[in-house]
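When a residue number appears, it is its place in the shown sequence, counting from 1. Bear in mind the structure is a predicted one, so any value in this text is a computation, not a measurement.
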Amino acid sequence: MSGREGGKKKPLKAPKKQNKDMDEDDMARKQKEREDAKALKEMQAKAKGKGPLSTGGIKKSGKK
């Protein structure tokens, strides 16, 4: 009896993915995604500096 027989077996390693050749369309799509992510990040940073958009909440009347 070997000491390694029992217990959980290690999973096989998945083969490494090969870099597929990208054509012009793939490269253009990736570039557009990067630009969109950059623009979104800039807008988030710009919006973060401002206060809340609506300061309404529960409106109280002047009466008691």
Side-chain angles (χ1 to χ4, degrees):
M1 267 172 67
S2 174
R4 290 210 30 137
E5 282 184 30
K8 194 173 183 181
K9 299 207 184 241
K10 287 188 176 181
L12 296 174
K13 287 187 179 180
K16 291 185 180 180
K17 294 181 181 178
Q18 294 180 356
N19 292 336
K20 61 178 181 177
D21 294 330
M22 293 192 292
D23 59 357
E24 302 268 336
D25 294 335
D26 289 338
M27 294 181 78
R29 182 180 49 82
K30 275 199 164 200
Q31 181 66 25
K32 186 173 185 299
E33 286 176 0
R34 281 191 212 118
E35 290 172 1
D36 289 345
K38 185 179 178 183
L40 179 65
K41 198 171 190 178
E42 287 175 1
M43 284 192 291
Q44 285 176 341
K46 186 178 179 183
K48 189 176 182 182
K50 296 181 182 177
L53 295 176
S54 62
T55 56
I58 299 172
K59 296 197 176 200
K60 297 180 181 177
S61 63
K63 298 186 263 180
K64 286 191 174 183

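Here the NZ atom belonging to K38 is positioned 10.5 Å from the NZ atom belonging to K41, to the nearest 0.5 angstrom. Taken from CG in L40 to CD in E35, the straight-line distance is 13.5 Å, to the nearest 0.5 Å. Distance NZ/K46 to CE/M43: 9.5 Å, rounded to 0.5 Å. Separating the CZ atom in R34 from the CZ atom in R29 is a distance of 10.5 Å, to the nearest 0.5 Å.
Other residues, nucleotides and ligands contribute over 12 non-hydrogen atoms within 6.0 Å of the CD atom of E33.
Salt-bridge formation is not detected for the pair K30/D26: no Lys NZ or Arg NE/NH1/NH2 atom is positioned less than 4.0 Å from an Asp or Glu carboxylate oxygen.
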